[in-house]
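Read the structure below first, then the notes.
Every chain is numbered from 1, with letters handed out A, B, ... down the list of sequences.
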Protein chains: 2
Amino acid sequence: MTFSVAGFRFAGCAAGIKKAGGLDLGLIVADQPVVAAGVFTRNLVRAAPVDVSIERLRLGRARAVLANSGNANACTGAEGMAATLASTQAAAGLLGLEATQVLPASTGVIGSVLPAAKLEAALPGLVERLSADGAEEFAKAICTTDRWHKIAHGTLKTAGGPPASVLGIVKGAGMIHPDLGPAPTATQGSGPLHATMLAFFVTDAKVERSALQSALERAVELSFNACSVDGDTSTNDTVLALASGLAGPANEAALFEGLLPVCRELAKQMVLDGEGAQHAVEIRVEGLADDAAARTVAKAVATSLLVKTALFGKDANWGRLLAAAGRAGVAFDPGAASVSIAGSRIFDKGKPLGAAAEAVATRGMTEPSYGIVMTLGNGPGSFTYLTCDLGHGYVDVNAGYRS
Amino acid sequence: MTFSVAGFRFAGCAAGIKKAGGLDLGLIVADQPVVAAGVFTRNLVRAAPVDVSIERLRLGRARAVLANSGNANACTGAEGMAATLASTQAAAGLLGLEATQVLPASTGVIGSVLPAAKLEAALPGLVERLSADGAEEFAKAICTTDRWHKIAHGTLKTAGGPPASVLGIVKGAGMIHPDLGPAPTATQGSGPLHATMLAFFVTDAKVERSALQSALERAVELSFNACSVDGDTSTNDTVLALASGLAGPANEAALFEGLLPVCRELAKQMVLDGEGAQHAVEIRVEGLADDAAARTVAKAVATSLLVKTALFGKDANWGRLLAAAGRAGVAFDPGAASVSIAGSRIFDKGKPLGAAAEAVATRGMTEPSYGIVMTLGNGPGSFTYLTCDLGHGYVDVNAGYRS
């Protein structure tokens with residue numbers, strides 16, 4: 001299957017950045033300067049490419065994305081910054097652009113300086129490979145511990161014309177618990193935040209920059225910012241959106257409606273690919289005073305280690321679900337709470353429904369994807385948080401990542 | 001080794017509460033009514049014995065503690081409450097006390113009603129076993145997934161006399177991340193909180209109730225509330241302190257100074273016994289504006305899954321340490337940060353010191369217990385948080401706990 005969006009070309013190649021070899025350098029090039037928006041990790045410790053992309057996005061337009069796996073170029077100081085600047089300068093030179101039109105993104109091991117010479121050596125071949133249907137190759141080039149590359153596409157309503165296209169590409173498997181925001185302000189680092197996630201969206205819709213930025217932020221809030229693999233956060237989280245304007249005009253509402261399902265599909269793929277995970281589980285909390293309260297509880301449940309190991313063990317353990325909800329700092333009456341797993345009610349208005357009900361739920365927990373619903377009251381607030389099980393695979397991947 | 005404190009007798013027995021058998025019911029009895037204080041889980045979802053002990057502690061004095069393992073009696077509604085009341089009533093009857101003088105505590109599986117009939121059948125034999133040197137038997141009776149029972153003892157300065165004794169007994173291995181506070185108020189559930197931890201302290205010092213309560217809270221804050229196995233919180237966390245007054249008088253300062261090392265020793269044993277853990281690791285954060293900021297950062301690092309799996313893998317991964325610190329919401333300059341593991345500096349003022357330094361640190365990470373120091377600035381604030389590695393053992397214990 002190939003995907004293309006008018007105005008964009010893609011490529012991926014093996015630049016020798018990954019010790020084990022394989023595709024590790026990707027390039028997206030727009031035929032003309034395009035409208036660009038982005039959200040980034042709120043981690044106080046930001047990698048050099050994040051700082052550079054934040055700065056360059058202030059121009060509002062861009063021509064290219066240069067993304068690599070195998071090296072995050074984080075905690076690498078002035079030397080790392082120089083490597084990021086040199087590699088984007090090299091790409092710009094080959095493409096006949098200004099360096100400021102090239103947005104960098106990196107993922108991989110923290111603490112090693114990006115090997116700019118390797119990137120520069122690979123760039124001529126990479127530029128030659130650019131093609132309208134190279135998105136899959138690009139998607140593969142940005143993978144690290146991902147078990148598969150992740151692409152989703154959708155459409156955007158335009159004013160009076162045929163729908164525009166939107167193509168999304170994401171990488172991410174561990175250190176996944178995004179909390180992305182726009183370019184950092186004085187409040188940077190004031191929120192929790194998490195993930196090594198790189199995501200790129202291209203659309204041919206004609207959009208205002210502010211509409212694209214706002215729609216992207218809103219869609220991310222309900223997708224990437226509402227999913228968690230391990231509750232940890234990356235120094236490198238980056239989401240970029242580029243709009244070529246070759247199709248009809250789309251306003252913020254259309255952008256949001258078009259981006260959201262693509263973001264959600266990618267978030268689900270990412271969680272399903274959670275390091276060692278076998279199940280993507282939607283934690284839905286409802287019946288609280290407002291959505292913010294429901295989000296707080298859903299997040300506490302979705303990030304609980306005891307919940308996640310119970311999911312791994314296919315244990316319909318409503319006790320751990322309620323205990324995790326109870327420490328979220330949101331008031332509810334445990335005696336009125338109900339819990340369903342995979343469509344089977346196992347705890348009803350404060351009372352366990354017993355082994356037979358749990359056995360049905362346990363069967364549902366063998367599915368790759370299922371939902372848990374916790375009804376904690378009669379209020380209108382609800383929120384759905386995406387999580388995964390945590391088992392031996394996660395330990396294997398993360399205990400020896402650098403070795 | 002035996003431990004005794006004037007005025008107290010202890011016992012433990014097998015009441016058949018645990019499916020697998022073994023000691024599961026413990027009793028502490030004071031010869032006379034004694035001064036009593038306590039702190040409890042701040043989880044909104046509290047087990048019946050927690051509610052009962054909170055209520056009975058309002059009297060300020062107690063005569064006995066009845067503690068069981070194998071069943072937490074949490075999320076068990078009115079039936080669970082009746083079982084807790086019945087079993088303490090039975091103990092009181094045998095001991096010639098009021099039921100309100102018996103403080104209950106339970107730990108084990110959530111969601112099954114405490115089998116009060118089993119407790120009642122075992123109680124006569126348990127009472128017969130009471131002896132001044134029965135603390136070890138009691139300590140064994142409250143263990144669940146603990147690999148060993150945990151006792152520590154110390155002394156308390158008294159006014160003008162010989163030191164008084166303090167004996168502490170704790171159980172806890174998983175669901176450990178205590179956040180204990182005094183009896184819940186309107187703000188209950190407003191903090192994070194974590195742990196299935198039961199701890200009991202007895203002293204023969206003569207104390208005021210308010211001094212004992214205050215000293216206990218302060219000592220817990222710097223020990224149990226500053227350690228984490230899995231960041232999860234129990235419905236049952238309970239810490240009780242009883243003072244017989246048979247030795248000399250101790251004021252709050254003396255109580256705090258005497259309790260703190262005992263609490264810390266027990267916290268360390270608990271973390272070292274973290275489910276599947278092989279290393280107890282002190283995360284010390286220093287150089288921030290104040291201790292509260294340092295605590296926030298230390299906690300973020302101590303509870304990071306990526307950090308804990310790196311500890312398991314003996315990976316001197318300063319990148320994960322800094323990334324976890326960076327998401328704590330506390331401002332610091334990563335370019336001025338330094339990190340040492342097991343006494344070996346591996347990251348100095350923003351720069352990694354390379355493979356040789358990391359190799360030395362890695363050797364230190366094979367020790368059962370070591371420290372990590374993160375210096376994040378020049379400020380006076382510091383805090384030490386105790387954590388452990390997380391590996392396959394944790395997954396094994398928690399994926400199949402109920403089966």
Heavy-atom pair of closest approach, residues B:Pro334 and A:Val45: CG-CG2, 3.9 Å

Rounded distance (nearest 0.5 Å) linking atom CD of B:Glu79 with atom NZ of A:Lys351: 8.0 Å

Taking all heavy atoms of B:Cys75 and all of A:Leu322, pick out the closest pair and write down the distance. SG-CD1, 4.1 Å

May I have the step-by-step check of side-chain contact (heavy atoms from CB on, under 4.5 Å) for A:Tyr394 and B:Val395, ending in yes or no? CA-CA 10 Å; A:Tyr394 182 86; B:Val395 174; over 6 Å; no

Heavy atoms only, distances under 4.5 angstrom: which of B:Ala74, B:Ala72, B:Gly111, B:Gly350 has the most pairs with chain A? Name it, please. B:Gly111

Heavy-atom pair of closest approach, residues A:His392 and B:Asp396: NE2-OD1, 2.8 Å

So, for A:Thr235 and B:Ala323, which heavy atoms are closest and what is the spacing to 0.1 Å? CG2-CB, 3.9 Å

Nearest-0.5 Å distance, CG of residue B:Leu390 to CG of residue A:Leu390: 7.5 Å

Given a strict heavy-atom distance threshold of 4.5 Å, which part of B:Phe347 is in contact with chain A: side chain, backbone, both, or neither? side chain

Contact summary for A:Leu44 and B:Val330, nearest pair of heavy atoms: CD2-O, 3.3 Å

